[in-house]
*Asks:* 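The structure's right below; bear with me while I get my questions together.
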Amino acid sequence: MNYPEFKQPLNYGQVGTDILAWWKQNGIFEKSVSTREGQPTFVFYEGPPSANGAPGIHHVMARTVKDIFCRYQTLLGKQVHRKGGWDTHGLPIELQVEKELGITKEDIGKKISIEEYNQRCRETVMRFKQQWDDLTEKMGYWVDLDDPYITFEPEYIESCWALLKKLYDKGLLYKGYTIQPYSPAAGTGLSSHELNQPGTYRDVKDTTVVAQFKVKRDEKSEKLFAGADEAVETFILAWTTTPWTLPANTGLAVGKNIPYVLVRTFNPYTYAPIRVVLAKALVSKYFTEKGATAAFEEYVNSDHKVLPWRTEGEFTGADLVGIRYERLFGQEAGFPAFEGEENAFRVIPGDFVTTEDGTGIVHISPTFGADDFRAAQLAGVPALLVADDEGKLGPIVDRTGRYVPQMGEFGGRWVKNYDGHDESAADYRTLDVDISIRLKERGRAFKVEKYEHTYPHCWRTDKPVLYYPLDSWFIKTTAVKDRLIELNKTINWQPESTGTGRFGNWLENLVDWNLSRSRYWGTPLPIWRTQDGTEEICIGSVEQLKAEIDKAVAAEIMTHNPIKVSGSLSLVSSSQEGEDQQPATRNQKLDLHRPYVDDIFLVSPSGQPMYREPDLIDVWFDSGAMPYAQWHYPIENEGQFRKNFPADFIAEGVDQTRGWFFTLHALAVMLEDSVAYKNVMANGLVLDKNGNKMSKRLGNAIDPFTTIQQYGPDATRWYMIANAQPWDNLKFDLNGITEVQRRFFGTLFNTYSFYALYANLDGFQAREFDRVPYAELSELDRWILSKLQSLIQEVRGYYDGYDPTKAARAIQDFVTDQLSNWHVRLSRRRFWKGELTQDKKAAYETLQECLVVISQLMAPIAPFFAEWLYQNMMGENDELGMMNAELTAQKPQFSSHNSSFITRAESVHLTLLVQADEARIDKALEERMELAQRISSLTHSLRKKSGLKVRQPLQRILVPVFNDTTREQVGKVEDLICAEVNVKHVEFLDDTSGVLVKSVKPNFKRLGQQYGAKLKAVGARIQQMSAEEISQLEKTGQLAVEIDGEAYTLAPDDVEIRTQDLPGWLVATDGPLTVALDVTLTDELRQEGVARELVNRLQNLRKDSGLEVQDKVRVTLQQQPELEAAVQSFGSYIREEVQALALDFAPEISGGSVLEFDEFSVPVLLNVATA
RNA sequence: GGGCUUGUAGCUCAGGUGGUUAGAGCGCUACACUGAUAAUGUAGAGGUCCCUGGUUCGAGUCCAGGCAGGCCCA
């Protein structure tokens, strides 16, 4: 067998294409799962992408991360199923369809039927599936594309229903309300994107009030009353631009860390003496400098232009929390009582409170503000709700924008001008104005003024929008909050901070999960209710629905039962219908979407008709339900589900923290009292090279297809993983891929090519059981094998710890710095010289082992190139590896797998990852090789300084050593150093020689611990140490010194002694290491130098003449005394190097070339020797 | 506005538990090397370690407060 040889440069894109074809042809992905049958599983969940847009380069990033760990676990012998999936519901799809049809939500049901509309959504959502599948394959993401779960399929929806029913039965599903933008004029809620239409936010002038809320005196508020005049009432000031919400006030919010002051002053309208609380930073907004000194006594009888005031106390928001106050519009004034009133009218914390405007205290009406609602809910403050004629609770404003009749003197008033009143008419007074007047009269308004601000308006009616409570279905996640938090602590988050921080905080501030969406394309809420809401049913399966419809038909509420399917849906039956059917057309008989489900009416136990609650559910429920719904569980396949729950690993973008990561977690905790995943990686964004977000609009988006084609999938993946840790944002720069390609893959390719070239020449083949025994290997070989074992340990550790970046960097450093640039470079002549000796065989075997192990270690990150390398190295050679055929056929013995042998398999991805053979790790050897590298580097540096090129041999270098260990260590690598830097000997200089000039450096770390503040003086003294003192410290192990009149004893550890100079020598130092170079040139050395130059020039000539490495030649040089002397001494060396059978001199040479070096100019004749 | 996160050489990034002289690769300059050669070696230029305070004998590192970018949420 020959090792395949390739021309440079390798076409990495082609490698990807070729390997991909080979994988497909041989079903390698399938085998990577099937050969692990019966082994422990590693469960991975695919977060479903949406195929309604083209995939971008960031998807390559996210999917590379997923792929890496699945492949790694497979290499460990585990079975990793990867069921793909598609997220198919949701607003983005609806918006896209509307854009394409040129319609709005309003038109649905009018210009286009819901049926047609949903059909369009169904067609649109998978439009880019081909592209996605294509990218998936080309980037080497191994996921099962043939049997994905699809969220719009009836089985999937049915599973969601079953899960919802489980929650319903646990009492975790309830109907409530949320605050949403609402247009009373249009009678409809507005989505946030409708609110973001241009022109919706307009400047309006509204009447605003700073209202006074009277503090109730009790233990909590006592601090506001300390030493105060009993008769003077104390108020909290709060500003609002919507005075009509004041009658619905139930709380006041403060910022916990904001400073507040208590100010004594007067009510500017009634002149009553009062004390008020407001933010310290806003005092100047309401009080003048003059007022600070104005006399209180004179105010009442003055012109009231200057309001006197004095600060009487200062508090933080936290001090104020819990204080109670009197209701502004209470029952005594004819306003209704409400449920939970005893918990209302309290000061609560609000993280949205600022001191930018108003009073730094925010009036809270939970029915008319989203912040208000949330803060009130967290603090247990109720909303003010009143019952209508049917006893149904609602806010004080009805859906048309009027106060309900119970609102005393204001009952029936419009809160904004929704009835088209002429605003310029003399009798026109807004509700805001009337409320303000009433407050003024009662001494409860501190300031009333017109104020211009921006306010959102309905894009259709141009009327102001209200923030209004709208019906919603919720999952009571707060009921399991503690369990959510507890179980989250058992999840391994990568990076950890996302789990404790972003996710942890989110759980701490959890509110109930709002499931409702007023849309068309999504999973319908399976709840039917009677008109009055007193009876309802939650449907958990198609079978149940069918049975309920039968009842309705019997009760003559329905005419017939539209569900024809017998029994419940089954995934098995549907997929058996026909392999070639597209998912979109499967199960066309049954569609659980709108409008079909809306046309189903059921009958309640009391005989009332029940209608489906019109909402769809949040699409995040769809994706959070995938651990169950992908198997059609709980309808069927319990076993499948159990085997694949919870996941060992998931990975998505950090933006999924409150999305998929949360819904998976929430559902798992509520349904299974378990985590949904044990390890999770939240990866960052892919930005352009300048750190800007990529977007098609800016034209800085990178096309993943052209990138992969041009640079190959491996370099692309490697770059993304090696450049930044996945959870950091990646600044994507194509130059970076080029660099990875050149530096890492190029070097690895060169290393392989080098191996292949010579191994083929020698006809060498590695045989696992015919190797040079480890004990007989050279230092160099044992060193790189030791490094290799260390690398295996290290890389496994990084993969195990979900840190692929460090794994990639470790592999990269090993390949470029250790393997290529040291081991191979120093071994070069071992390969191209002479017969297949034991040393040469060892060189091949060592390099072979390194390359094959590298192919395994890199396989998760660069699967194509790893395969390429592995196949090239292994070829058809079945003698490699241990009992390989057996392993592939028999399935890996996971539990007993503990081999440092390389397993032979059809593909590198079917192998078992080697274990580090710790017996081969030799730290002392690694250390002394590093010494060799550093000494060589220093020597090169000295040559450079003295102008002595490496081809000129030198006699010796001197290395001062202070202990026997170093001496022994360097001694063992002397040959390597000599060869590398072209010197004859390494000599050691020990202390006793006395010629070294030494210097000391204080060891601050040690000294600091010992002397603390006196360190400076001690350090200065140490730097002044004389040569005698240094010597004494070295010899006796201590040195007594006096510093500032105090006696100290220094120990050797207190200082670091270095060689500074060696008089008369050329010296270089690197930390504690010093090298001196003997630059004396003897005649013999000069001759050898000449010989080497000659070899070099002849090699160039061979190369230029197009000779192959193995060609033999005859060389004739023109006579020249120095040359002849050199050839005299080094003839055989020269002949061997240049593969010359003869090396002769002739008086005159014509027709040849001329070799030029140093001062020489030599005519030469070079002929290929024919046998 | 809040939570999280990032900020170190022109670029991309390393810098356990604090230690005085902050590193690597790429890029740049110069020289060398040349049977792995689009590789390699040596030397050089290049730094307010985002800013301000604090703790400490000593802060890139710890604490507080800012600034700037990013994500999520309002």
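Lettering of chains follows the sequences in order, A, B, ..., and the numbering in each one begins at 1.
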*Asks:* Consider the side chain of R742(A), meaning its heavy atoms from C-beta on, and name the nucleotide among rC26(B), rC4(B), rA43(B) that approaches it most closely.
*Replies:* rC26(B)
*Asks:* May I ask you to decide whether R1092(A) forms a salt bridge with E1137(A), counting only side-chain N to carboxylate O separations under 4.0 Å?
*Replies:* no
*Asks:* Using a heavy-atom cut-off of 4.0 Å across all strands, would you classify N1100(A) as base, sugar-phosphate, or nothing?
*Replies:* sugar-phosphate
*Asks:* For each nucleotide in nucleotides 6-13 of chain B, reading 5' to 3', give B when a protein heavy atom comes within less than 4.0 Å of its base, S when such contact involves only the sugar-phosphate, and - otherwise.
*Replies:* ------SS
*Asks:* Please work out if S820(A) contacts a base, only the sugar-phosphate, or nothing of the nucleic acid, heavy-atom cut-off 4.0 Å.
*Replies:* base
*Asks:* State which of rU40(B), rU37(B), rG27(B) makes the closest approach to the side chain of N821(A).
*Replies:* rU40(B)
*Asks:* Looking at the side chain of E739(A), which of rG25(B), rA43(B), rC72(B) is the nearest nucleotide?
*Replies:* rG25(B)
*Asks:* Hey, does R1102(A) reach any base, or is it just sugar-phosphate, or nothing, if we go heavy atoms under 4.0 Å?
*Replies:* base
*Asks:* Does the structure show a Watson-Crick or G-U wobble partner for rG41(B), both distances under 3.5 Å? Name it, or say none.
*Replies:* rC31(B)
*Asks:* What is the pairing partner of rG25(B), taking Watson-Crick or G-U wobble pairs with both distances under 3.5 Å in any strand?
*Replies:* rC11(B)
*Asks:* Would you measure the distance from the C1' atom in rG47(B) across to the matching atom in rU5(B) and give it in whole Å?
*Replies:* 24 Å
*Asks:* Measure up the F749(A) and F6(A) rings against each other and bin them: parallel (under 30°), tilted (30 to 60°), perpendicular (over 60°).
*Replies:* perpendicular
*Asks:* May I ask you to decide if the ring planes of F764(A) and Y844(A) are parallel, tilted or perpendicular, using 30° and 60° as cut-offs?
*Replies:* parallel
*Asks:* Looking only at side-chain N and O atoms, does N750(A) come under 4.0 Å of OP1 or OP2 in rU40(B)?
*Replies:* no
